[in-house]
Amino acid sequence: LVAALAVRTASAKSSVSVGVDVIFLLDASGSMLKSDPLRVSEHATSLFIQLLGSEDRAGVVAFGDSAQVVLPLTPVETQLRQQMAQAIQKIQFNQNHTDIEAALKQAMVMFTAANKEKASDQARVPHVILLTDGRLDPAPGKGSSPAADRRRIKEHAREYLHQGVRISSIAFGLDADAELLQEIAE
């Protein structure tokens, strides 16, 4: 709820009434079955979307081995809210890895594509909400070390900041990488 209220507040402070664009990044790795056995991340995302206004847009990316768009950046219209919740409920938490970098890249692609449609969309307030246990475990073959993965993720977070995109992170589980998630959100 705090993140949803923060998004609404950011929109309300604007001198021109513009909506917000919120992309939820949901960790769909198998470790989330242990960190989030009740699938609170899924329910929270659906609730956040219910709290958004009709002038807002929401998108959902599930990530694990790779990042998959579950819901493109879509206007949060009353008749679509139930369909959005159903799309989120279909996410399978069974991927073997946790590639936060891929999720961050996919969200930026979605923001960029959405803002090319109309010049007025560039005034919208962009926000990413990352819901994860924060355990970095990208798929093999990336040819990097955990330190290099952390560095790249922090670079993406800095690029988001430079582009005016806010990131909030919500950690699940007692052994979540709180330090990394804090750094991403700063």
- Note on the structure: All heavy atoms of Arg150 vs all of Asp177, minimum pair found to be NH1-OD2, 2.6 Å

- Message: Check whether Ser35 reaches the backbone of Gly173 with its side chain - one donor and one acceptor, N or O, closer than 3.5 Å.
- Response: no

- Kindly determine whether Glu159 and His162 satisfy side chain to side chain contact (heavy atoms under 4.5 Å, CB included), including the steps that lead there. CA-CA 5 Å; Glu159 177 61 23; His162 178 72; 4.3 Å; yes

- Task: Give, for atom CZ of Phe63 and atom CG of Leu26, the distance between the pair rounded to the nearest 0.5 Å.
- Result: 7.5 Å

- Message: According to a hydrophobic-cluster definition based on side-chain heavy atoms being under 4.5 Å apart (Ile, Leu, Val, Met, Phe, Trp, Tyr only), do Phe93 and Ile170 belong together?
- Response: yes

- Item | Path from Met32 to Val60 over hydrophobic side-chain contacts below 4.5 Å | yes

- Is the shortest heavy-atom distance from the side chain of His127 to the side chain of Val165 under 4.5 Å? no

- Query: Is Tyr160 reaching over with its side chain to a backbone N or O of Ala185, donor-acceptor style, under 3.5 angstrom?
  - Reply: no

- Item | Heavy-atom pair with the smallest gap, counting every atom of Ala67 and Ala102 | CB-O, 3.5 Å

- Residues in ring pair (Phe, Tyr, Trp, His ring centres under 6.0 Å) contact with Phe24, at least two apart in sequence or another chain: Phe48

- Message: Walk me through whether Leu130 and Leu181 qualify under side chain to side chain contact (heavy atoms under 4.5 Å, CB included).
- Response: CA-CA 9 Å; Leu130 173 64; Leu181 296 176; 3.8 Å; yes

- Message: Looking at every heavy atom in both Ala58 and Leu71, which two are closest together, and how far apart are they?
- Response: O-CD2, 4.1 Å

- Can Arg57 and Asp21 be said to form a salt bridge (Lys or Arg N to Asp or Glu O under 4.0 Å), step by step? CA-CA 5 Å; Arg57 295 187 296 192; Asp21 285 344; 2.7 Å; yes

- Message: Go through it in stages, so that I can follow the logic: the residues are Phe172 and Thr132, the test is side chain to side chain contact (heavy atoms under 4.5 Å, CB included), and I'd like the CA-CA distance, side-chain angles, deciding distance and then a yes or no.
- Response: CA-CA 6 Å; Phe172 288 86; Thr132 180; 6.0 Å; no

- How long is the span from the CG atom in Asp149 to the CZ atom in Arg152, to the nearest 0.5 Å? 4.5 Å

- Query: With Ile167, which of Ile23, Val128, Leu161, Ile129 fulfils side-chain contact (heavy atoms from CB on, under 4.5 Å)?
  - Reply: Val128

- Query: What is the distance from atom CD of Gln163 to atom CE of Met108, rounded to the nearest 0.5 Å?
  - Reply: 5.0 Å

- Distance, nearest 0.5 Å, that separates CG of Leu38 from CG of Leu33: 11.5 Å

- Item | His156 to Leu104 - nearest heavy-atom pair and separation | CB-CD1, 4.1 Å

- Query: Does Gly30 offer a backbone N or O that forms a donor-acceptor pair with the side chain of Asn94 under 3.5 Å?
  - Reply: no

- Message: Quick check for you: to the nearest 0.5 Å, what is the distance between Gln83 atom CD and Thr74 atom OG1?
- Response: 10.0 Å

- For the side chain of Gln95 and the backbone of Asp65, is there at least one donor-acceptor N/O pair under 3.5 Å apart? yes

- Message: Are Ile49 and Val40 connected into the same hydrophobic cluster when the rule is that any two of I, L, V, M, F, W, Y join if their side-chain heavy atoms are below 4.5 Å apart?
- Response: yes

- Does the side chain of Ser29 come under 3.5 Å of the side chain of His97 through a donor N or O and an acceptor N or O? no

- Query: With the threshold set at 4.0 Å, does a side-chain nitrogen-carboxylate oxygen contact exist between Asp27 and Arg135?
  - Reply: no

- Could you state whether Val70 and Ile100 fall into the same hydrophobic cluster, counting links through intermediate Ile, Leu, Val, Met, Phe, Trp or Tyr residues with side-chain heavy atoms under 4.5 angstrom apart? no

- Asp56 versus Val20, closest heavy-atom pair with distance: OD1-N, 2.9 Å

- Message: For a side chain to side chain contact (heavy atoms under 4.5 Å, CB included) check, start with the C-alpha distance between Leu180 and Leu136, then their side-chain angles and the critical distance, and finish with the verdict.
- Response: CA-CA 9 Å; Leu180 174 65; Leu136 279 184; 3.6 Å; yes

- Task: Step through the shown structure and confirm whether more than 12 heavy atoms of other residues, nucleotides or ligands are within 6.0 Å of NZ on Lys34.
- Result: no

- Message: For Gly59 versus Met110, what's the shortest heavy-atom pair and its separation?
- Response: CA-CE, 4.2 Å

- Message: Return the CG to CD distance between Leu47 and Glu42, rounded to the nearest 0.5 Å.
- Response: 12.5 Å

- Would you confirm whether Asp36, through its side chain, and Ser41, through its main-chain N or O, come within 3.5 Å as a donor-acceptor pair? yes

- Message: Count I, L, V, M, F, W, Y as connected when their side-chain heavy atoms are under 4.5 Å apart, and connections chain through other members. Are Ile153 and Leu25 then in the same cluster?
- Response: yes

